[in-house]
Amino acid sequence: MDIYLVGGAVRDTLLGRPVSERDWVVVGADPATLSALGYRQVGKDFPVFLHPQTHEEYALARTERKVAPGYHGFVTHHAPEVTLEQDLARRDLTINAMAQAADGTLVDPYGGQRDLKARLLRHVSPAFSEDPLRLLRVARFAARYAPLGFTVATETRRLMRDMVTAGEAASLVAERIWQETVRALAEPSPRTYFEVLRDCGALTVLLPELEMSEQRLRGLDAAAAIAASTRVRFAVLLRELGTDLTPLEKPPLPIANEAYGVAVVHAVCDRWRVPTDFRELAELVCREHLRVHHALELPPATVLELLETCDAFRRRERFAELLEACEAGHPEQLGLETLPYPQSTLLTAAFAAAAAVQLTATDRTGLAGPAIGLLLRERRLAALTRWRPTFT
Ligand code: ATP
């Protein structure tokens, strides 16, 4: 029995990047042997085991064959005779298809090191086209490694386009699309994920509601540049852009656009079963980003109303994320990532001034619930007016 380190750990070590997770392949063994050694079987569809001490994943070398369309249409075959090269052949990219033996020897039958040097994401074999998830994986790896100079190889791009033309993108299931997309949003170059998917035609299938304009992509760059959370990046992705282009002189309430934006957020979030916190922020950004952009012109009462609508006093964190999402890639900022966004500074300070208002026990004397709320509101408004009397 021989054990090899495989996949991401080998790739990232060669790239000089930190390794987060180690996967192993076992050649020349069967499930009984591993179980007898104390490994615990976890794979349902194929034999994957957890090491008794490290709990890292050990998979028996296997081959795969596509027998039916869709994600589950694979038949896997494992046996002590399956070679390491056969196991590596079923992998998506050459840079993911390398293995390292216990003595440090590198096994690289498909040119992974060559492609690492050439900064290319290249498929291992034509079998790549059997699994549409690989479209998303390639785009995600591109988003991660773009800053290192990686691009998708021409022949892989061609293959990806052929897969989309053959209808493969339509068979991706919602959970996997979301899983890959949210991971890609967290990468250093989230724009690259969407560019790669746009270039192969998959984006029209996955996100038909959105035009992936340069402005939208720059918004993602800007969100990544300020290290915004994936929630913020998602909201920036879905931000309704028609309204972004409204000149500041125009009245800030283009109801029709806002309603369209919210409808898009709902459609995408329903389709991908997006978690509630992502959905809520994206919707809030769609509803409120124009008022945020116009913050410098809003009277104190409208600022207070904005803070209340955003539930800012109870959900400070989300309010801060709203400001970040409005700031990232604001049209006035395009190409100037460091341009200040005074709206954010102003609203943060306004929030602090209003949130500092406290009612004393004396203030509350003789008042019931709603009256206390009204008094608090009145005091907050007074605080905002005092704090920035030139608002109007
Ligand atoms: P990450 O750093 O994102 O974890 P990884 O390469 O370790 O990257 P995993 O999803 O953990 O990615 O997969 C481990 C290995 O299994 C990959 O390196 C690749 O060789 C192979 N692999 C995973 N998913 C697929 C797939 N859908 N098609 C082909 N090979 C795959």
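Whatever order the structure lists ligands and atoms in, that order sets their numbers, starting from 1. For this chain, numbers begin at 1 and follow the sequence in order.
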Donor + acceptor pair across side chains of Gln215, Arg218 (<3.5 Å): no
Atoms in ligand 1 with a heavy atom of Gly7 nearer than 4.0 Å: 18 (O)
Ser229 and Glu321: side chain donor to acceptor below 3.5 Å: yes
Sub-4.0 Å heavy-atom approach of Phe128 to ligand 1: no
Closest protein heavy atom (residue, atom, distance) for atom 30 (N) of ligand 1: Asp92 N, 3.2 Å
N/O separation below 3.5 Å, Asp12 to ligand 1: no
Nearest neighbour of atom 5 (P) of ligand 1 from the list Arg11, Glu187, Glu21, His123, on a heavy-atom basis: Arg11
Side chain, backbone, both or neither: the part of Asp23 lying under 4.0 Å from ligand 1 by heavy atom: side chain
Distance (rounded to the nearest 0.5 Å) between Leu93 CG and Leu116 CG: 10.5 Å
Side chain, backbone, both or neither: the part of Asn96 lying under 4.0 Å from ligand 1 by heavy atom: both
Closest approach of any protein heavy atom to atom 4 (O) of ligand 1, naming residue and atom: Arg183 NH2, 3.8 Å
Arg144: numbered ligand 1 atoms lying under 4.0 Å from its heavy atoms: 1 (P), 2 (O), 3 (O)
Nearest non-hydrogen protein atom, atom 27 (N) of ligand 1: Asp131 OD2, 3.0 Å
Residue and atom name of the nearest protein heavy atom (relative to atom 28 (N) of ligand 1), distance in Å to one decimal: Arg134 NE, 2.7 Å
Residues Asp270, Arg273; criterion salt bridge (charged side-chain N to carboxylate O under 4.0 Å, His left out); working and verdict: CA-CA 5 Å; Asp270 286 346; Arg273 299 192 201 115; over 6 Å; no
Short side-chain donor-acceptor distance under 3.5 Å, Tyr145 and Arg11: yes
Exceeds 12 heavy-atom contacts within 6.0 angstrom, atom CZ of Arg316: no
Those atoms of ligand 1 less than 4.0 Å from some heavy atom in Arg140: 3 (O)
Parallel, tilted or perpendicular, as decided by the 30° and 60° cut-offs, for the rings of His51 and Tyr39: perpendicular
Which segment of Arg137 sits under 4.0 Å of ligand 1 when only heavy atoms are counted: side chain
Rounded distance (nearest 0.5 Å) linking atom CZ of Arg291 with atom CG of Leu306: 5.0 Å
Closest protein heavy atom to atom 15 (C) of ligand 1, given as residue, atom name and distance to 0.1 Å: Arg91 NH1, 3.6 Å
Side chains of Glu283 and His266, donor plus acceptor under 3.5 Å: yes
Atoms in ligand 1 flagged as close to Phe141, the criterion being non-hydrogen separation under 4.0 Å: 6 (O), 8 (O)
Criterion side-chain contact (heavy atoms from CB on, under 4.5 Å) on Val75 and Glu64, from CA distance to verdict: CA-CA 6 Å; Val75 168; Glu64 271 172 4; over 6 Å; no
